[in-house]
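Reviewing the structure listed below.
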Amino acid sequence: MLDLKFVRDNVDRVARMLQDRRVDMDMGPFLKLDEQRRALLKDVEQLKYERNRASEEIARRKREGLDAEDLIDGMKAVSQRIRDLEAELGAIEDRFRDILMLIPNMPHESVPVGADETANPVVKTWGHPPSFDFEPKAHWDLGEALGILDFERAARMTGARFTLYWGAGAALERALINFMLDVHTMRHGYTEVLPPFMVNRTAMTGTGQLPKFEKDLFKLEGWDYFLVPTAEVPVTNIHMDETLEEDDLPKYYTAYTPCFRSEAGSYGKDTRGLIRQHQFNKVELVKLVKPEQSYDELETLLLNAETILQELGLHYRVVVLCTGDLGFSAAKTYDIEVWLPGQNTYREISSCSNFEDFQARRANIRFRRKGKKKTELVHTLNGSGLAVGRTLVAVLENYQQADGTILIPQALRPYMHGMERITARR
RNA sequence: GGAGAGAUGGCCGAGUCGGCUGAAGGCGCUCGCCUGCUAAGCGAGUGUACUCCGAAAAGGGGUACCGAGGGUUCGAAUCCCUCUCUCUCCGCCA
């Protein structure tokens, strides 16, 4: 959520931002409601002021044993008027708030203006695509042939976009999770947390998934709980409604969670393999920092995520999302795209964003500078460190051998009990 | 699932038969005084949001907030209803 006063004072900038983001939204109703709201608020508060003064007078007279019936009678009408105006005001404030909650974040000045992902500039490339003296296969063929990925049975017990992992496949997924968590906790200074995998509406609103994107979420029937679409939600909301001390910052958290996404609107996209699942594993990095540090922190967050790919020897590139491709809550986002030789393409494997104070304002996460009375909003950041399923895809496709086996990257072998190669399951 | 207790400011905690309680008292914190240093002591201050006045800052006015929402009333932290959460006991359970 943007600051109300900022929006009011910068309507033109906000309107231009909406254009840059290719969001079709008119600020007219917002301004009109704001005006109505403030006029009404003034009236209501004036009436309440009168009522409060009268109440004091009534109390005083009663204490002194005097009659106050005339005042009480007069206040009946005032109170009724207050009730009427408050009902009107309440309706306007609801609509006003609804609009405010649907305005996306202001992109950082360094974010390029562009229509869609084709306008995302590549800012960094690491390593090289591996060369094969055979035609590299896609992971779904490799995984099925090795008997480690089973799409058919998962579809039977659940449905499309779910996968059953077997044997070394399941172990590899688990190894990746542990490897990533170890790197981030032991080398990058993050504190590991294991949050709930379901959260309530308030938490979802705090990080910006609600109210706008409810259709992308899995909701529990009979409960106002949602399955987390990313650990960003429970982890960023750890400090919801808290005022931290300056010395508490920065906070670095890492968490493994499964992620659940309805993938509404992506019918027919990436239907094969592990790329787009309703349930996938992810190790997430979350930072709460002081405002003046957040862009430096974004750079190190990106490097922390990149480290995983480098350790695994996987070729990747980094792009900056342009305004048209930038997520609702983000001010700036880097996507890391890993090379997938089986599909001859780069695929997003991490998304690292600075949300500035957009989430902090919604989730009410503040801090107090030493010796200062006034509290300020923290800046929040997060990034995948990494999407585990897609990392497994990258390992399978990049480390495949001519005979269909998979060489296990050195960094993962300790996590695989020394296993060096995945061969067909008997 | 059954029975009961509770939810007040940064923390602890008081709020009588509804009325000068934004909220006693204590702790903490900030500033000042005092003091070889420290401790103790003394004095003052110490929530948030919205809104109005002010060019702005300073400052000032107002409204709201005692778990959340609704109701009764001229007036609610105090009374009523619904919900949420916490704790205790019983049951069940990984």
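Everything numeric here is computed off the predicted structure, so don't read it as measured data.
A gap of 23 Å separates the P atoms of B/rU73 and B/rU16, to the nearest Å. Nucleotides B/rU78 and B/rU72, compared at atom P, are 15 Å apart to the nearest Å. Only the P atoms considered, B/rG25 is 27 Å distant from B/rC34, to the nearest whole Å. Using atom P as the reference point in both B/rC11 and B/rC17, the two lie 28 Å apart (nearest Å). Spacing of P atoms, B/rU30 relative to B/rG22, comes out at 28 Å, to the nearest Å. Separation of the P atoms belonging to B/rG4 and B/rA94 is 28 Å when rounded to the nearest angstrom. Taking atom C1' in both B/rC79 and B/rC66, one finds a spacing of 16 Å when rounded to whole Å. On the P atoms, B/rA23 is 14 Å away from B/rC65, given to the nearest whole Å.
One atom, CD of A/Glu56, and another, C1' of B/rG18, lie 16 Å apart when rounded to the nearest Å. In this structure, CG of A/Leu377 is placed 12 Å from C1' of B/rA49, rounded to the nearest angstrom. Following rounding to the nearest Å, A/Asn200 (CG) and B/rA68 (P) show an atom-to-atom distance of 16 Å. Between the CD atom of A/Glu35 and the C1' atom of B/rC52 there is a distance of 16 Å, given to the nearest Å. Remark: C1' of B/rU63 and CD of A/Glu45 are 4 Å apart, rounded to the nearest angstrom. Counting to the nearest Å, the C1' atom of B/rG75 and the CD atom of A/Glu69 are 13 Å from each other. A straight line from CG of A/Leu89 to P of B/rU63 spans 16 Å, rounded to a whole angstrom. Atom pair A/Ile82:CD1 and B/rG71:C1' shows a separation of 17 Å (rounding to whole Å applied).
The side chain of A/Ser79 contributes an N or O atom lying less than 4.0 Å from OP1 or OP2 of B/rG75. OP1 or OP2 of B/rC74 lies within a sub-4.0 Å distance of a side-chain N or O belonging to A/Lys76. Using a 4.0 Å cut-off, some side-chain N or O of A/Arg37 falls inside it from OP1 or OP2 of B/rU51. For B/rC74, the OP1/OP2 oxygens have no side-chain nitrogen or oxygen of A/Arg51 closer than 4.0 Å.
Residues A/Asp84 and A/Arg81 are not paired through a salt bridge, judged by the lack of any N-O separation under 4.0 Å between the basic side chain and the carboxylate. Look at A/Glu263 and A/Arg261 and you find no salt bridge, because none of the NZ, NE, NH1 or NH2 atoms lies under 4.0 Å from a carboxylate O. Contact check on A/Glu86 versus A/Arg83 returns no salt bridge, with no Lys/Arg side-chain nitrogen under 4.0 Å from an Asp/Glu carboxylate oxygen.
Distances from the side chain of A/Asn52 to the nucleotides B/rA64, B/rG19, B/rU51 place B/rA64 closest. Of the candidate nucleotides B/rU51, B/rG75, B/rU63, B/rU51 has the atom nearest to the side chain of A/Arg38. You'll find that the side chain of A/Tyr225 is closest to B/rC85, out of B/rC85, B/rU63, B/rC74. The nucleotide whose nearest atom lies closest to any side-chain atom of A/Lys62 is, among B/rC50, B/rG19, B/rU63, B/rG19. Taking every side-chain heavy atom of A/Ala59 into account, B/rG19 is the closest of B/rG75, B/rC50, B/rG19. The side chain of A/Leu4 sits closest to B/rU51 out of B/rG19, B/rU51, B/rA64.
Base pairing analysis places B/rA77 opposite nothing; no Watson-Crick or G-U wobble pair with both distances below 3.5 Å involves it. B/rC93: no Watson-Crick or G-U partner with both key distances under 3.5 Å is found in any strand. Within the shown strands, B/rG43 is the pairing partner of B/rC31 under the Watson-Crick or G-U definition, both distances less than 3.5 Å. When Watson-Crick and G-U wobble pairs are counted only if both distances are under 3.5 Å, B/rC17 pairs with no nucleotide at all. With a cut-off of 3.5 Å on both Watson-Crick or G-U wobble distances, the partner of B/rC11 is given as B/rG26. Partner assigned to B/rA68 is B/rU82, using Watson-Crick or G-U wobble distances below 3.5 angstrom. Pairing partner, B/rG36: none, since no Watson-Crick or wobble contact has both distances short of 3.5 Å. The nucleotide B/rG59 finds its pairing partner in B/rC53, both defining distances of the Watson-Crick or G-U wobble pair being shorter than 3.5 Å.
The residue A/Arg201 sits apart from the nucleic acid: no heavy atom pair falls under 4.0 Å. A/Ile58 comes within contact range of at least one nucleobase, with a heavy-atom separation under 4.0 Å. Among the atoms of the strands shown, none is found under 4.0 Å from any heavy atom of A/Arg361.
Ring geometry for A/His188 against A/Tyr190 counts as perpendicular: the plane angle is over 60°, on a 0 to 90° scale with 30° as the lower cut. Using cut-offs of 30° and 60° on the angle between ring planes, the pair A/Phe328 and A/Phe213 is perpendicular. Ring orientation note: the planes of A/His278 and A/Phe162 are tilted relative to one another, at an angle of 30° to 60°.
Nucleotides of RNA chain B nearest to A/Leu71 and A/Arg366 differ in position, and the one nearer the 5' end is that of A/Arg366. Both A/Arg368 and A/Glu86 sit near RNA chain B, but only A/Arg368 has its closest nucleotide nearer the 5' end.
In this model, no donor atom of one side chain and acceptor atom of the other lie less than 3.5 Å apart for A/Asn382 and A/Tyr253. A/Arg366 and A/Asn364 form a side-chain donor-acceptor contact under 3.5 Å, judged by distance and modelled atom types alone.
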